[in-house]
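Presented below is the structure to which this report refers.
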Amino acid sequence: MITYKDLSRHAKALLEFCEYPAVEYKVKFSILDVPYEDRELSLLRKAFLESDIVEEMAQTQDIYGGWGKFQSKDYSVKAKIPTSGVGIERCLYIGLTVEDRDILFLAEEYLKDLLLGTGREIVRGKNERANPWWRAKVCNALEAVTPYSALCDETWRQWLFIADRAYEDGEYSYERDKAAQHEVFATRESRLVPMQSELLLKRRAEISDALEDAMLRHLGGLASENGYFWDKTPGSLPENFVCNKTRRWFKTFNYINQFRGSSRYLEHAVDWLMENVREDGVWDWGTQIKDPWGYFGYFSCNRNYKHNRVVDCTVEILDFLKHYIDNNGAQRADLANKEGAE
(Lines give C-alpha, C1' and ligand atoms only; values in the text may rest on other atoms or scores of the structure.)
Protein backbone atom coordinates (compact mmCIF):
# COMPACT_ATOMS: atom_id res chain seq x y z
CA MET A 1 0.00 0.00 0.00
CA ILE A 2 1.22 3.50 -0.77
CA THR A 3 2.49 5.38 2.30
CA TYR A 4 3.32 8.93 3.35
CA LYS A 5 6.95 8.02 2.78
CA ASP A 6 6.17 7.27 -0.89
CA LEU A 7 4.22 10.51 -1.16
CA SER A 8 7.12 12.48 0.30
CA ARG A 9 9.56 10.89 -2.14
CA HIS A 10 7.52 11.85 -5.21
CA ALA A 11 6.84 15.33 -3.81
CA LYS A 12 10.60 15.85 -3.50
CA ALA A 13 11.05 14.64 -7.06
CA LEU A 14 8.61 17.28 -8.29
CA LEU A 15 10.38 20.03 -6.34
CA GLU A 16 13.67 18.95 -7.94
CA PHE A 17 11.99 19.06 -11.35
CA CYS A 18 10.29 22.45 -10.89
CA GLU A 19 11.42 25.47 -8.87
CA TYR A 20 8.32 27.59 -9.45
CA PRO A 21 7.31 29.12 -6.06
CA ALA A 22 3.59 28.39 -6.53
CA VAL A 23 4.33 24.69 -7.07
CA GLU A 24 6.66 24.54 -4.09
CA TYR A 25 4.05 26.23 -1.91
CA LYS A 26 1.27 23.87 -3.06
CA VAL A 27 3.40 20.81 -2.42
CA LYS A 28 4.58 21.86 1.01
CA PHE A 29 1.29 23.30 2.26
CA SER A 30 -1.30 20.97 0.70
CA ILE A 31 0.61 17.74 0.07
CA LEU A 32 3.21 17.57 2.84
CA ASP A 33 1.05 19.35 5.44
CA VAL A 34 3.64 21.93 6.46
CA PRO A 35 1.80 24.11 9.03
CA TYR A 36 0.54 27.48 7.80
CA GLU A 37 2.53 29.23 10.56
CA ASP A 38 5.81 27.51 9.64
CA ARG A 39 8.54 30.13 9.26
CA GLU A 40 9.95 28.85 5.95
CA LEU A 41 6.47 28.40 4.48
CA SER A 42 5.55 31.94 5.55
CA LEU A 43 8.60 33.27 3.69
CA LEU A 44 7.66 31.23 0.62
CA ARG A 45 4.06 32.47 0.80
CA LYS A 46 5.09 35.97 -0.33
CA ALA A 47 6.43 34.61 -3.62
CA PHE A 48 3.36 32.38 -4.01
CA LEU A 49 0.96 35.30 -3.53
CA GLU A 50 2.85 37.30 -6.17
CA SER A 51 2.87 34.44 -8.69
CA ASP A 52 1.08 34.57 -12.02
CA ILE A 53 -1.56 32.01 -11.09
CA VAL A 54 -2.63 33.95 -7.99
CA GLU A 55 -2.55 37.23 -9.85
CA GLU A 56 -4.68 35.66 -12.58
CA MET A 57 -7.39 34.85 -10.03
CA ALA A 58 -7.28 38.39 -8.67
CA GLN A 59 -7.42 40.02 -12.09
CA THR A 60 -10.30 37.87 -13.37
CA GLN A 61 -12.42 38.19 -10.22
CA ASP A 62 -15.36 40.52 -10.77
CA ILE A 63 -16.56 43.34 -8.52
CA TYR A 64 -19.09 41.00 -6.88
CA GLY A 65 -16.40 38.61 -5.65
CA GLY A 66 -17.06 35.87 -8.18
CA TRP A 67 -16.10 34.92 -11.72
CA GLY A 68 -19.44 35.28 -13.47
CA LYS A 69 -22.46 33.14 -12.61
CA PHE A 70 -22.07 30.49 -9.94
CA GLN A 71 -22.72 27.45 -12.15
CA SER A 72 -24.02 28.50 -15.56
CA LYS A 73 -21.36 29.48 -18.07
CA ASP A 74 -21.97 32.58 -20.17
CA TYR A 75 -20.99 31.35 -23.65
CA SER A 76 -20.98 34.90 -25.01
CA VAL A 77 -17.88 35.62 -22.93
CA LYS A 78 -14.56 33.89 -23.56
CA ALA A 79 -13.38 33.48 -19.98
CA LYS A 80 -10.55 31.28 -18.76
CA ILE A 81 -12.43 30.87 -15.48
CA PRO A 82 -15.90 29.97 -16.80
CA THR A 83 -17.95 30.19 -13.59
CA SER A 84 -17.63 31.35 -9.99
CA GLY A 85 -17.85 27.75 -8.84
CA VAL A 86 -14.80 26.84 -10.90
CA GLY A 87 -12.98 30.00 -9.75
CA ILE A 88 -13.43 29.10 -6.10
CA GLU A 89 -12.31 25.51 -6.71
CA ARG A 90 -9.22 26.83 -8.44
CA CYS A 91 -8.33 29.19 -5.57
CA LEU A 92 -8.58 26.35 -3.08
CA TYR A 93 -6.68 23.93 -5.34
CA ILE A 94 -3.64 26.16 -5.72
CA GLY A 95 -3.48 26.68 -1.93
CA LEU A 96 -5.16 30.01 -1.24
CA THR A 97 -6.98 30.58 2.05
CA VAL A 98 -9.17 33.43 3.30
CA GLU A 99 -6.11 34.82 5.10
CA ASP A 100 -4.22 35.29 1.81
CA ARG A 101 -4.81 38.58 -0.02
CA ASP A 102 -8.54 39.27 -0.35
CA ILE A 103 -9.52 36.89 -3.15
CA LEU A 104 -11.25 34.19 -1.12
CA PHE A 105 -12.53 36.74 1.39
CA LEU A 106 -14.43 38.46 -1.43
CA ALA A 107 -15.53 35.07 -2.79
CA GLU A 108 -16.86 34.21 0.67
CA GLU A 109 -18.92 37.41 0.70
CA TYR A 110 -20.20 36.57 -2.78
CA LEU A 111 -21.36 33.12 -1.57
CA LYS A 112 -23.03 34.61 1.51
CA ASP A 113 -24.89 37.09 -0.67
CA LEU A 114 -26.14 34.20 -2.82
CA LEU A 115 -27.50 32.38 0.21
CA LEU A 116 -29.06 35.51 1.67
CA GLY A 117 -30.56 36.59 -1.65
CA THR A 118 -28.80 39.96 -1.51
CA GLY A 119 -26.38 39.45 -4.40
CA ARG A 120 -26.57 40.35 -8.05
CA GLU A 121 -27.25 36.77 -9.07
CA ILE A 122 -30.77 35.58 -8.40
CA VAL A 123 -31.41 31.89 -8.93
CA ARG A 124 -34.89 30.84 -9.92
CA GLY A 125 -35.15 27.13 -10.41
CA LYS A 126 -36.90 25.67 -13.43
CA ASN A 127 -38.37 22.93 -11.26
CA GLU A 128 -38.95 22.21 -7.58
CA ARG A 129 -35.67 20.32 -7.21
CA ALA A 130 -33.49 23.15 -8.49
CA ASN A 131 -33.44 25.40 -5.42
CA PRO A 132 -32.45 22.72 -2.86
CA TRP A 133 -29.76 21.45 -5.24
CA TRP A 134 -28.43 24.95 -5.89
CA ARG A 135 -28.40 25.89 -2.19
CA ALA A 136 -26.49 22.73 -1.30
CA LYS A 137 -23.88 23.50 -3.98
CA VAL A 138 -23.38 27.05 -2.70
CA CYS A 139 -23.08 25.78 0.88
CA ASN A 140 -20.57 23.16 -0.25
CA ALA A 141 -18.39 25.93 -1.72
CA LEU A 142 -18.79 28.15 1.33
CA GLU A 143 -17.92 25.29 3.71
CA ALA A 144 -14.77 24.67 1.67
CA VAL A 145 -13.73 28.30 2.08
CA THR A 146 -14.85 28.76 5.71
CA PRO A 147 -15.82 25.56 7.56
CA TYR A 148 -18.88 25.49 9.80
CA SER A 149 -20.50 28.59 8.37
CA ALA A 150 -23.67 29.41 10.31
CA LEU A 151 -25.45 30.12 7.01
CA CYS A 152 -25.06 26.45 6.08
CA ASP A 153 -26.17 24.91 9.37
CA GLU A 154 -29.78 24.36 8.36
CA THR A 155 -28.92 23.08 4.88
CA TRP A 156 -26.37 20.64 6.31
CA ARG A 157 -28.82 19.36 8.92
CA GLN A 158 -31.48 18.86 6.24
CA TRP A 159 -29.15 16.68 4.20
CA LEU A 160 -28.02 14.75 7.25
CA PHE A 161 -31.68 13.95 7.99
CA ILE A 162 -32.23 12.86 4.38
CA ALA A 163 -29.08 10.72 4.33
CA ASP A 164 -29.86 9.09 7.68
CA ARG A 165 -33.30 8.14 6.35
CA ALA A 166 -32.05 6.97 2.95
CA TYR A 167 -29.32 4.76 4.47
CA GLU A 168 -30.95 3.93 7.81
CA ASP A 169 -30.38 0.16 7.55
CA GLY A 170 -26.95 0.47 5.94
CA GLU A 171 -28.31 0.12 2.41
CA TYR A 172 -29.63 2.86 0.14
CA SER A 173 -33.38 3.08 -0.36
CA TYR A 174 -34.77 5.27 -3.11
CA GLU A 175 -38.20 5.25 -1.50
CA ARG A 176 -36.86 6.40 1.88
CA ASP A 177 -34.75 9.05 0.14
CA LYS A 178 -37.81 10.29 -1.76
CA ALA A 179 -39.99 10.38 1.36
CA ALA A 180 -37.34 12.35 3.28
CA GLN A 181 -36.84 14.86 0.46
CA HIS A 182 -40.57 15.35 0.07
CA GLU A 183 -40.82 15.98 3.80
CA VAL A 184 -37.89 18.40 3.99
CA PHE A 185 -38.29 20.30 0.71
CA ALA A 186 -42.06 19.97 0.22
CA THR A 187 -41.41 18.51 -3.24
CA ARG A 188 -43.66 16.07 -5.07
CA GLU A 189 -41.64 14.74 -8.01
CA SER A 190 -40.28 11.21 -8.19
CA ARG A 191 -36.98 12.60 -9.49
CA LEU A 192 -34.75 13.48 -6.58
CA VAL A 193 -32.01 15.96 -5.80
CA PRO A 194 -28.74 13.96 -5.92
CA MET A 195 -27.42 13.00 -2.49
CA GLN A 196 -25.11 15.80 -1.30
CA SER A 197 -22.30 13.63 0.03
CA GLU A 198 -19.61 16.29 -0.49
CA LEU A 199 -21.51 18.77 1.68
CA LEU A 200 -22.11 16.18 4.41
CA LEU A 201 -18.43 15.25 4.47
CA LYS A 202 -17.42 18.87 4.99
CA ARG A 203 -18.43 18.16 8.61
CA ARG A 204 -17.21 14.59 8.66
CA ALA A 205 -16.68 14.52 12.42
CA GLU A 206 -20.43 14.95 12.90
CA ILE A 207 -21.63 12.03 10.79
CA SER A 208 -21.38 8.36 11.74
CA ASP A 209 -18.86 5.93 10.30
CA ALA A 210 -21.77 3.71 9.32
CA LEU A 211 -23.39 6.46 7.23
CA GLU A 212 -20.15 7.29 5.42
CA ASP A 213 -19.53 3.60 4.71
CA ALA A 214 -23.05 3.20 3.34
CA MET A 215 -22.59 6.22 1.05
CA LEU A 216 -19.25 4.84 -0.13
CA ARG A 217 -20.72 1.46 -0.98
CA HIS A 218 -23.67 3.01 -2.82
CA LEU A 219 -22.31 6.20 -4.43
CA GLY A 220 -18.69 5.07 -4.72
CA GLY A 221 -19.78 1.70 -6.00
CA LEU A 222 -21.96 3.25 -8.70
CA ALA A 223 -19.14 5.59 -9.71
CA SER A 224 -16.69 2.69 -9.88
CA GLU A 225 -19.03 0.53 -11.94
CA ASN A 226 -20.55 3.11 -14.26
CA GLY A 227 -18.30 6.15 -14.15
CA TYR A 228 -19.20 9.46 -12.54
CA PHE A 229 -18.80 11.93 -15.39
CA TRP A 230 -17.10 9.76 -18.00
CA ASP A 231 -18.45 6.36 -18.97
CA LYS A 232 -16.56 3.19 -17.95
CA THR A 233 -14.23 4.89 -15.47
CA PRO A 234 -12.30 3.93 -13.47
CA GLY A 235 -13.05 0.28 -14.20
CA SER A 236 -11.68 0.48 -17.74
CA LEU A 237 -8.30 2.16 -17.46
CA PRO A 238 -6.28 2.65 -20.64
CA GLU A 239 -3.47 0.21 -21.35
CA ASN A 240 -1.01 3.10 -21.39
CA PHE A 241 -1.00 5.98 -18.93
CA VAL A 242 -0.32 8.46 -21.75
CA CYS A 243 -3.83 8.59 -23.18
CA ASN A 244 -5.87 11.55 -24.37
CA LYS A 245 -8.57 10.88 -21.75
CA THR A 246 -6.39 10.03 -18.74
CA ARG A 247 -6.99 13.35 -16.99
CA ARG A 248 -10.74 12.86 -17.31
CA TRP A 249 -10.49 9.69 -15.20
CA PHE A 250 -9.69 11.87 -12.19
CA LYS A 251 -13.25 13.19 -12.02
CA THR A 252 -14.26 9.67 -11.03
CA PHE A 253 -11.19 8.99 -8.88
CA ASN A 254 -11.66 12.14 -6.83
CA TYR A 255 -15.39 11.58 -6.42
CA ILE A 256 -14.84 8.13 -4.92
CA ASN A 257 -11.83 9.36 -2.97
CA GLN A 258 -13.95 11.75 -0.88
CA PHE A 259 -14.91 8.79 1.31
CA ARG A 260 -12.87 6.99 3.94
CA GLY A 261 -12.27 3.43 2.77
CA SER A 262 -12.05 4.47 -0.89
CA SER A 263 -9.34 1.82 -1.48
CA ARG A 264 -12.24 -0.63 -1.89
CA TYR A 265 -12.71 0.79 -5.38
CA LEU A 266 -9.48 2.67 -6.05
CA GLU A 267 -6.69 0.28 -5.07
CA HIS A 268 -6.21 -0.85 -8.67
CA ALA A 269 -6.17 2.77 -9.88
CA VAL A 270 -3.46 3.67 -7.36
CA ASP A 271 -1.38 0.66 -8.43
CA TRP A 272 -1.81 1.77 -12.04
CA LEU A 273 -0.59 5.28 -11.19
CA MET A 274 2.45 3.99 -9.31
CA GLU A 275 3.35 1.65 -12.18
CA ASN A 276 3.34 4.59 -14.59
CA VAL A 277 5.57 7.05 -12.77
CA ARG A 278 8.63 8.20 -14.73
CA GLU A 279 12.12 7.24 -13.70
CA ASP A 280 12.66 10.73 -12.27
CA GLY A 281 9.67 10.28 -9.94
CA VAL A 282 7.10 12.48 -11.72
CA TRP A 283 4.19 11.85 -14.10
CA ASP A 284 3.31 13.23 -17.56
CA TRP A 285 -0.15 13.29 -19.18
CA GLY A 286 1.28 13.15 -22.68
CA THR A 287 0.69 15.42 -25.64
CA GLN A 288 -2.91 14.53 -26.55
CA ILE A 289 -4.49 15.49 -23.23
CA LYS A 290 -8.18 16.42 -23.06
CA ASP A 291 -9.54 18.49 -20.18
CA PRO A 292 -12.98 18.18 -18.59
CA TRP A 293 -15.13 21.31 -18.96
CA GLY A 294 -14.26 23.99 -16.45
CA TYR A 295 -10.92 22.39 -15.66
CA PHE A 296 -8.79 24.25 -13.10
CA GLY A 297 -5.80 22.05 -12.17
CA TYR A 298 -2.95 23.92 -13.80
CA PHE A 299 -0.01 25.83 -12.36
CA SER A 300 0.97 28.27 -15.05
CA CYS A 301 -0.71 30.75 -17.38
CA ASN A 302 1.07 28.97 -20.25
CA ARG A 303 -0.62 25.58 -20.51
CA ASN A 304 1.03 24.38 -23.72
CA TYR A 305 4.58 24.11 -22.45
CA LYS A 306 5.83 20.54 -21.90
CA HIS A 307 7.37 21.40 -18.53
CA ASN A 308 4.04 22.74 -17.27
CA ARG A 309 2.21 19.65 -18.47
CA VAL A 310 4.43 17.43 -16.32
CA VAL A 311 3.98 19.73 -13.33
CA ASP A 312 0.19 19.86 -13.72
CA CYS A 313 -0.02 16.07 -14.01
CA THR A 314 2.22 15.37 -11.04
CA VAL A 315 0.50 17.89 -8.75
CA GLU A 316 -2.91 16.42 -9.54
CA ILE A 317 -1.74 12.87 -8.88
CA LEU A 318 0.01 13.86 -5.65
CA ASP A 319 -3.14 15.68 -4.51
CA PHE A 320 -5.22 12.58 -5.22
CA LEU A 321 -2.74 10.26 -3.50
CA LYS A 322 -2.57 12.52 -0.44
CA HIS A 323 -6.33 12.27 0.07
CA TYR A 324 -6.25 8.54 -0.70
CA ILE A 325 -3.71 7.88 2.05
CA ASP A 326 -5.58 10.12 4.49
CA ASN A 327 -8.84 8.28 3.83
CA ASN A 328 -7.56 4.72 4.03
CA GLY A 329 -6.36 4.11 7.53
CA ALA A 330 -2.74 5.18 7.32
CA GLN A 331 -1.46 6.48 10.62
CA ARG A 332 -0.50 10.14 10.63
CA ALA A 333 3.18 10.71 11.17
CA ASP A 334 5.55 13.61 10.96
CA LEU A 335 7.07 13.60 7.48
CA ALA A 336 10.25 15.22 8.71
CA ASN A 337 10.81 12.34 11.12
CA LYS A 338 10.18 9.91 8.32
CA GLU A 339 12.73 11.62 6.18
CA GLY A 340 15.22 11.46 9.00
CA ALA A 341 14.58 7.75 9.39
CA GLU A 342 15.49 7.24 5.76
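Computed from a prediction, not measured in an experiment: that's the story for all the values here.
- When each of Glu56, Glu55, Gln61 is paired with Gln59, the side-chain hydrogen bond (donor to acceptor under 3.5 Å, both in side chains) condition holds for Glu55 and for no other.
- For Asp280, the side-chain contact (heavy atoms from CB on, under 4.5 Å) criterion is met by Phe17, Arg278, Val282, not counting sequence neighbours.
- Contact check for Tyr4 versus Arg9: no side-chain heavy atoms found under the 4.5 Å cut-off.
- Residues Lys69 and Ser84 form no side-chain contact, since every pair of their non-hydrogen atoms from C-beta on lies 4.5 Å or further apart.
- Every pair passing ring-ring contact (aromatic ring centres under 6.0 Å, His included) that includes a residue from residues 186-223 is listed here, sequence neighbours excluded: Tyr167-His218, Tyr172-His218.
- Distance alone, capped at 3.5 Å, is enough to place a donor-acceptor pair between the Trp67 side chain and the Met57 backbone.
- A salt bridge is defined here as a Lys NZ or Arg NE, NH1 or NH2 lying under 4.0 Å from an Asp or Glu carboxylate O, and Glu168 with Arg176 meets this definition.
- The list of ring-ring contact (aromatic ring centres under 6.0 Å, His included) pairs with a residue in residues 37-62, not counting sequence neighbours, reads Tyr25-Phe48.
- Between Tyr324 and Asn254, the side chains place no donor N or O within less than 3.5 Å of an acceptor N or O (distance only, hydrogens not considered).
- Two residues are said to be in side-chain contact when any heavy atoms from C-beta on lie closer than 4.5 Å; Leu321 and Ile2 meet this criterion.
- Formation of a donor-acceptor pair under 3.5 Å by the Asn276 side chain with backbone atoms of Trp272 is found in this model.
- Between Asp319 and Lys322 no salt bridge is recorded (no basic side-chain N to carboxylate O distance below 4.0 Å).
- Under the 4.5 Å side-chain criterion, counting only non-hydrogen atoms from C-beta, Lys137 is in contact with Gln196.
- Residues meeting the side-chain contact (heavy atoms from CB on, under 4.5 Å) test with Thr118, sequence neighbours left out: Asp113, Leu116.
- More than 12 heavy atoms of other shown residues, nucleotides or ligands fall within 6.0 angstrom of atom CD in Glu99.
- Scored by the side chain to side chain donor-acceptor pair (under 3.5 Å) test, Ser149 finds no partners at all (sequence neighbours excluded).
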### Stepwise side-chain hydrogen bond (donor to acceptor under 3.5 Å, both in side chains) test for Glu121 and Tyr110
CA-CA 9 Å; Glu121 186 176 348; Tyr110 160 79; 2.9 Å; yes

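- For the residue pair Glu225 / Tyr265, no side-chain donor-acceptor distance below 3.5 Å is found, with atom types taken as modelled.
- In terms of modelled atom types and a separation under 3.5 Å, the side chain of Glu198 and the main chain of Asn140 share no donor-acceptor contact.
- Counting all heavy atoms, side chain and backbone alike, Leu104 lies closest to Leu92 at CD1-CD2, 3.9 Å.
- Residues Gly281 and Val277 approach most closely at C-CG2, 3.5 Å, considering heavy atoms.
- Using a distance-only test at 3.5 Å, with no hydrogens or angles considered, no donor-acceptor pair links the side chain of Asp312 to the main chain of Arg309.
- For the pair Phe253 and Thr233, the minimum side-chain heavy-atom distance is 4.5 Å or more.
- When atom types are taken as modelled, the side chain of Arg247 and the backbone of Cys313 share no donor-acceptor pair closer than 3.5 angstrom.
- When only modelled atom types and interatomic distance are considered, Glu108 and Thr146 share a side-chain donor-acceptor pair under 3.5 Å.
- No donor-acceptor distance shorter than 3.5 angstrom exists from the side chain of Arg260 to the backbone of Glu212, with no hydrogens or angles considered.
- For Glu189 and Lys178, the salt-bridge test fails: no basic side-chain N is under 4.0 Å from an acidic carboxylate O.
- Sorted by first and then second residue, the ring-ring contact (aromatic ring centres under 6.0 Å, His included) pairs with a member in residues 82-109 read Tyr93-Phe296, Tyr93-Phe299; sequence neighbours excluded.
- Under the rule for a ring pair (Phe, Tyr, Trp, His ring centres under 6.0 Å), Trp156 has no partner lying at least two apart in sequence or in another chain.
- Taking CG from Asn257 and OG1 from Thr252, the interatomic distance works out to 12.0 Å, rounded to the nearest 0.5 Å.
- Here Trp159 pairs with Phe185 under the ring pair (Phe, Tyr, Trp, His ring centres under 6.0 Å) rule; sequence neighbours left out.
- Atoms CG and CG, on Leu151 and Leu115 in that order, are 6.0 Å from each other to the nearest 0.5 Å.
- Of the inter-residue distances, the one linking Leu114 atom CG with Glu109 atom CD reads 11.5 Å to the nearest 0.5 angstrom.
- To the nearest 0.5 angstrom, Lys28 atom NZ is 6.0 Å from Leu44 atom CG.
- Contact detail for Phe29 and Gly95: the closest heavy-atom pair is CE2-O, 3.7 Å.
- Across all their heavy atoms, Pro35 and Leu41 have their closest contact at O-CD2, 3.3 Å.
- Residues Thr314 and Val23 have side chains not in contact (no heavy-atom distance under 4.5 Å, counting atoms from C-beta outward).
- Looking only at atom types and distance, the side chain of Asn328 has a donor-acceptor partner in the side chain of Ser263 under 3.5 Å away.
- In this structure, Arg204 fails the cation-pi test against Phe259, since its NZ or CZ atom is not both closer than 6.0 Å to the six-membered ring centre and inside 45 degrees of the ring normal.
- No side-chain donor from either of Ser173 and Glu175 sits under 3.5 Å from a side-chain acceptor of the other.
- Here the NZ-SG distance, from Lys112 to Cys152, works out to 10.0 Å after rounding to the nearest 0.5 Å.
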### Message
Run the salt bridge (charged side-chain N to carboxylate O under 4.0 Å, His left out) test on Asp177 and Arg165 for me, step by step, so that the C-alpha distance in whole Å, both residues' side-chain angles and the decisive distance to 0.1 Å come before the verdict.
### Response
CA-CA 6 Å; Asp177 190 355; Arg165 288 277 298 275; over 6 Å; no

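- With sequence neighbours excluded, the residues that form a side-chain contact (heavy atoms from CB on, under 4.5 Å) with Lys290 are Asn244, Lys245, Arg248.
- Ring pair Trp249/Tyr228: centre-to-centre distance not below 6.0 Å.
- Scored by the side-chain contact (heavy atoms from CB on, under 4.5 Å) test, Tyr64 finds Asp62, Arg120 as partners (sequence neighbours excluded).
- Residue pairs meeting the salt bridge (charged side-chain N to carboxylate O under 4.0 Å, His left out) criterion with at least one partner in residues 147-160, sequence neighbours excluded, are Asp153-Arg203.
- One N or O on the side chain of Arg45 and one on the backbone of Tyr36 form a donor-acceptor pair closer than 3.5 Å.
- Residue pairs that meet the salt bridge (charged side-chain N to carboxylate O under 4.0 Å, His left out) test with at least one member in residues 261-274, sequence neighbours left out, are Asp213-Arg264.
- Looking only at side-chain heavy atoms (C-beta outward), Glu171 and Arg217 come within less than 4.5 Å of each other.
- Counting all heavy atoms, side chain and backbone alike, Ser224 lies closest to Ile256 at N-CD1, 3.8 Å.
- In this structure a side-chain-to-backbone donor-acceptor pair under 3.5 Å is missing from Arg90 to Ile81.
- When all heavy atoms of Ile103 and Leu96 are compared, the pair lying nearest together is CD1-CD1, 4.1 Å.
- In this structure, Val310 and Leu14 have side chains that are not in contact, with every pair of non-hydrogen atoms separated by 4.5 Å or more.
- Here CG of Asp6 is found 11.5 Å from CG of Leu318. Values are rounded to the nearest 0.5 Å.
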